[in-house]
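Report on the structure given below.
First the proteins, then the strands, lettered A, B, ... as listed; each starts at 1. These numbers were taken from a predicted model, which means no experiment stands behind them.
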Amino acid sequence: MSKRFQPLPAQVDLPALEREVLARWQQGKVFERSLERTAAGPSWVFYEGPPTANGMPGVHHVEARTFKDLFPRFKTMKGHRVIRKAGWDCHGLPVEVAMEKELGLSGKRDIEAYGVAEFNARCRESVLRHVDAWEELSERMGYWIDTSAAYRTMDTDYVEAVWWSLKVIFDKGLLVRDHRISPYCPRCGTPLSDHELGQPGGYETVVDPSVTVRFPITSGPLAGRASLLVWTTTPWTLVSNTAVAVHPDVTYVVARATGGAQDGDGDQDDHDERGEQVVVAEPLFERVLGAGWEIVDRLGGGDLAGTTYQRPFELVEIPDAHRVLTADFVTVEDGTGLVHLAPAFGADDLAACRAAGLPVVNPVRPDGAFADSVPLVGGAFFKDADKTLLADLKARGVLFRSESYEHSYPHCWRCHTPLLYYALPAWYIRTTAIKDRLLAENERTTWYPETVKWGRYGEWLRGNVDWSLSRSRYWGTPLPLWVCADDHITCVGSLAELSEHAGRDLSGLDPHRPYVDDVAFPECGGEARRVPDVIDAWYDSGSMPFAQWGAPHVANETFEASYPAQFICEAIDQTRGWFYSLMAVGTLVFDRSSYENVICLGHILAEDGRKMSKHLGNVLEPMPLMDKHGADALRWYMAATGQPWSARRVGDGALEEIVRKVLLTYWNTASFFVLYANAAATSAGAWTPELAGEAPPPERRPLLDRWALAELHRTVGEVDSALEDFDTARAGRRLAEFIDDLSNWYVRRSRRRFWEGPDSPEGAAAFATLYECLETLTRLLAPIVPFITDYLWDVLRSPDAPESVHLAAWPTADPALLDATLTEQMALVRRLVELGRAARASSGVRTRQPLGRALIGAPGSAALPAELTAQIADELNVGRLDQLASIGGDLVEYEVKPNFRELGRRHGKDTPKVAAAIGAANPAHLVTALRADGRATVETPELGELTVEADCVIVTERPRSGWAVESAGGETLALDLTVTPELRRAGIAREVIRLVQEARKADGLQVTDRIELWWRSDDADVTDALHAHGTEVADEVLAVAMHEGRPPAVDGPPEHRGADLTLTFWLRRSSPAGG
RNA sequence: GGGCCUAUAGCUCAGUCGGUUAGAGCGCAUCCCUGAUAAGGAUGAGGUCCCUGGUUCAAGUCCAGGUAGGCCCA
């Protein structure tokens, strides 16, 4: 007896099965072997975007990791070498913030008091705290990635690689010092991060002055005649006024005071000089000036550009300044439409002044007080200076209006000191200098979805500003810049270089604060010390293509062979994070972006459609979800439900459906196959894959088999091209459809051939066909659902096949097996069967009752091969299938409808008229003409006679009466409901067969067991039916003997009774016939 | 305030090149089939294709504006 397949139970515990497969992968080192198998293959590069392991992974991490696993598996099966190196992002403010919280520290002073060395040591420990949980998740979900050599952005090799790249950028002149405006606490002496601004207490409501000031114009036609009206809520910044901004597209007016009228709100206005002229934006004229003023001239914002003016205070030196600029950020929402610019105290101000080449002059000391050298307000705290300054403005007649203004203003969340927007020295990468290169690199990057390329990401690139790189923090890659007293800057590219400068061996130095801060070296006759900043952690992760290998200092060849990546994938919120930093660093350092294809995923929502949050209590933990439904179900959901880039809801309901409709259907088909392959009582024993070669070749198999193979190979082609397009949803839909076709049509229609075994050519064809379908389907499904496929692969595979599906080759479509005609014909067959079922349902004659014949009328139905019409007849349990036309024209009525698609193509604007003419024509005449000549003539009132082609008309034909008819889309099926006595007896026989089968199951018999059957009935119809169809019944229920009458009384089998049928019967397993 | 995404049945989602009866699954109801059986199938009810306007012989589909939700940024 030959080897059998391992039996597959109809019920399966998928999570338990997955654990078994996981153990098998581990013991068999299957991942490692899949890499070995493809070691010589063409490289396909994937980069792992590093997560920070200071928190636990969530369901959304399963999302990204599904895609990050699926495509590498797909490419590996296609023979590519796909290196998958894990990585951890270790640095950054979020890590520091979490550690501050944990240690009960608040702010930089606390950290420095606690000790930077100890603080950073704690940060270092915290970022790997949950690595175990992440690795557990990766393993459980089947994410194959090499964690043994994971890169860590805090490792010395990594930091040195980052330093090297910064030096490349520095040598190109693109790493430069400038100012950055930060919210700054003068008491704590520190800038605050956005995160800190968001803390409770970050904003407080305060009352500030709101002042409007005259800036007399000193050049152009208005010189000496008019003033610019400028509004501000921070009078203390007027000392540093450098320019005035107007909007280039806004109209401004010159207004003259007509005297008398004051506005009625009781403000302290100071403009009773009749004849005074001022400039404001036209949309704000009413609000700022109103009655008592008349417009004497209008001019565009662009016309004002370059106009010089007398600044409000002459207290500090600001060379070459004090003129009007244009800037898009100016609004006419409030103020005067003319904006005072003090570049040291506002981000917009700084950007506008920098663009105009104006200097940044800052008279305010880091402690928040004006420098002592400033007249009038020297030594005063910035906010306290407002009063003095206002009084001075008023005294000199420069103040136009003064009000109070209540608004929300940022405060230090620790000490409640009002914050200063303050220019601090900072280091930038001049990404604006390579903006065109970035746009060109983006041009050749393929984005999924495509809209991100031009939209969200492209827009962001076009508005590129220089990368603000430095952070005045602690736990990060230290900025490798050393500066001497003469302001000579040295950029250090490695610890070896640093050793050279310092004249001692620093190769073992921890390249973090505070240790690197302690390294100084002689320079320009003095001492060069490190700039104390660390860098933006996004730069770290953007450096991973080379830094993960330690390149160029270490493994440079490995790096060069894996640059750029063919594929990266993260959630959409990375557009301005990792997607940008990767592209920017790559372009800055290598003049080439580091990735070619990128998938942007949407966010995962809770089942209620809201964001998952602990607060709402709707968080789904990934591990329990997989323990409940299985990782395959979750992976299928992520890959194949909806569009990956739209926000999606995950929950038990969605996963249960996937298990039932996709995974269990696939499993049950395999289980069915194995059951009958093992049960086959052939001379050779059970059916095994070796017997596949003995089946007739595909072209000699039944049409049903050829259809299944055609659909299989169509599926292979479509799934392959979908995955090549990174379209997992399309691949998933096709696979789910094929699984359904295979199970609910191919197997359903072929069951009898499986019962009868593989001895006949038809049986052999069935086994070979279903085997090929399952074997190939398993390979197609493997990248998406790696567990269930590998389990079934191991059961189904032939002995010489690889022992894991993940070591097998991706299937290729065989064009010779495709058959578009057969695909279309089978689709018609299935539509006609549905019509027949609907006719059965509406007429109330159950399918079990055989009927004499059915009529079909549908385009193409006459050309159906007999093998296919037989499928319809068998499925609908009718004796004969005829063409509707065969019953004679008089008995058929016709309905005609215009086919708009074809009509539109030929008749364009006249379509409605032609359609109306078709509707008005005599259907029978029209159909006769169309059938005879392929065209017909119709009469239209406007256009006269017109010829219409056959494909412009949808014809539905129906028998006039006496039939159960269903039609759809021009296709009709009609059932003859006449039940003759003979049909009635055949129906009763079917009923008996069903009863006996149920009884067999109730008695716990195997499907192959032979039985002995006794029966008796008082109903003449039943008796007649069993006399007429006894042999058929006996064959169907595997009865070796059938007796009319009771069984022998002694140890009699249990009695069964029919429900709707007067029948009593008994059955007993006959003595086993040797198997 | 800016940019982008999404909106189709109670729910989750398809909908190709614009074509006149807008589909599937889940859920619900009724029924059928059953040698895969704690499966499978059919039928039915259920729709303002977010709104307004436009282009077109014809719009769920193309264009413009708006509304709502979401994401990113300010």
Exercise. Start at the 5' end of RNA chain B and walk down; is the nucleotide closest to A:Ser743 or to A:Pro898 reached first?
Worked result: A:Pro898
Exercise. Which whole-number value in Å describes the distance from A:Arg1010 CZ to B:G35 C1'?
Worked result: 12 Å
For this session: May I ask you to say what A:Leu1038 touches in the nucleic acid, namely base, sugar-phosphate or nothing, with a heavy-atom cut-off under 4.0 Å?
Result: base
For this session: Just call it for A:Tyr676: base, sugar-phosphate, or nothing, with non-hydrogen atoms closer than 4.0 Å on any strand.
Result: base
Problem set entry | Nearest-Å distance once atom C1' is located in both B:U12 and B:G35 | 35 Å
Exercise. NA contact type, A:Glu1036, heavy-atom cut-off 4.0 Å: base, sugar-phosphate, or nothing?
Worked result: base
Problem set entry | Integer angstrom distance from the P of B:C71 to that of B:C31 | 47 Å
Exercise. For A:Arg990, which contact category applies under a 4.0 Å heavy-atom criterion: base, sugar-phosphate, or nothing?
Worked result: sugar-phosphate
Exercise. Quantified in whole Å, what is the C1' atom distance between nucleotide B:A36 and nucleotide B:U20?
Worked result: 43 Å
Problem set entry | Inter-nucleotide C1' distance (B:G47, B:G10), Å rounded | 12 Å
For this session: For A:Thr847, report the nucleic acid contact type (base, sugar-phosphate, nothing); a contact means any heavy atom under 4.0 Å.
Result: sugar-phosphate
Problem set entry | Of the listed nucleotides B:C57, B:A36, B:U20, the one nearest the side chain of A:Pro912 | B:C57
Exercise. Going by atom types alone, do A:His1029 and A:Glu1032 pair a side-chain donor with an acceptor below 3.5 Å?
Worked result: yes
For this session: Give the minimum heavy-atom separation between A:Ala974 and A:Val965, together with the two atoms involved.
Result: CB-CG2, 4.0 Å
Exercise. Heavy atoms under 4.0 Å, any strand shown: does A:Lys897 hit a base, just sugar-phosphate, or nothing?
Worked result: base
For this session: Would you check if there is a donor-acceptor pair between the side chains of A:Asn877 and A:Thr847 at a distance under 3.5 Å?
Result: no
Problem set entry | Short N-O contact, A:Arg354 and A:Asp349, less than 4.0 angstrom | no
Problem set entry | Pairwise C1' distance for B:G66 and B:U21, with rounding to whole Å | 32 Å
Problem set entry | Protein-nucleotide distance (A:Asp348, atom CG; B:C73, atom C1'), rounded to Å | 13 Å
Seminar exercise, completed: side-chain contact (heavy atoms from CB on, under 4.5 Å) test vs A:Val1037 passes for just one of A:Val996, A:Leu995, A:Leu1067, namely A:Val996
Exercise. A:Ile572 has an atom CD1; how far is it from atom P of B:G3, in whole Å?
Worked result: 17 Å
For this session: Please check if the side chain of A:Thr778 supplies one atom and the backbone of A:Leu774 the other of a donor-acceptor pair under 3.5 Å.
Result: yes
Problem set entry | A:Glu1036 to A:Gln997 - nearest heavy-atom pair and separation | O-NE2, 3.2 Å
Exercise. A:Phe5 pairs by ring pair (Phe, Tyr, Trp, His ring centres under 6.0 Å) with which of A:Tyr676, A:Phe767, A:Phe673?
Worked result: A:Phe673
Problem set entry | Contiguous pairing runs of three or more, Watson-Crick or G-U under 3.5 Å, that involve RNA chain B | B:1-7 with B:67-73, B:10-13 with B:23-26, B:28-32 with B:40-44, B:50-54 with B:62-66
Exercise. What interatomic distance, in whole Å, is found between P of B:C50 and the corresponding atom of B:U6?
Worked result: 13 Å
Exercise. Between A:Glu998 and A:Thr911, which has a closest nucleotide on RNA chain B that is more 5'?
Worked result: A:Glu998
Exercise. Nearest-Å distance, CD (A:Glu450) to C1' (B:C5)?
Worked result: 14 Å
Exercise. Could you write nucleotides 39-47 of chain B as a row of B, S and -, 5' to 3', where a protein heavy atom under 4.0 Å of any base atom gives B, of only sugar-phosphate atoms gives S, and otherwise -?
Worked result: SSSSS----
For this session: Let me know the distance between CZ of A:Arg734 and P of B:C13, rounded to the nearest Å.
Result: 22 Å
For this session: Compare the aromatic ring of A:Trp460 with the six-membered base ring of B:G3 and state whether they stack according to the 5.5 Å and 30° rule.
Result: no
Problem set entry | Short N-O contact, A:Arg994 and A:Glu991, less than 4.0 angstrom | yes
Exercise. Touch check for A:Val452, heavy atoms < 4.0 angstrom, all strands: base, sugar-phosphate only, or nothing?
Worked result: nothing
Problem set entry | Rounded distance in Å - CD (A:Gln849) to P (B:C33) | 10 Å
Problem set entry | Under 3.5 Å side-chain donor-acceptor pair for A:Gln6 and A:Tyr791 | yes
Problem set entry | Salt bridge A:Glu824-A:Arg714, side-chain N to carboxylate O under 4.0 Å | no
Exercise. How far, in whole Å, is B:C62 from B:C5 if one measures between their P atoms?
Worked result: 13 Å
For this session: Report yes or no: does A:Trp578 contribute a side-chain atom to a donor-acceptor pair with the main-chain N or O of A:Ser541 at less than 3.5 Å?
Result: yes
Exercise. C1' atom, B:G60 versus B:A9: distance in rounded Å?
Worked result: 14 Å
For this session: Select base, sugar-phosphate, or nothing to describe what A:Arg848 touches, counting heavy atoms under 4.0 Å on all strands.
Result: sugar-phosphate
Exercise. Between atom CD1 in A:Ile658 and atom P in B:C11, what is the gap in whole Å?
Worked result: 19 Å
For this session: Please state how far atom OH in A:Tyr637 lies from atom C1' in B:U12, giving the value in whole angstrom units.
Result: 8 Å
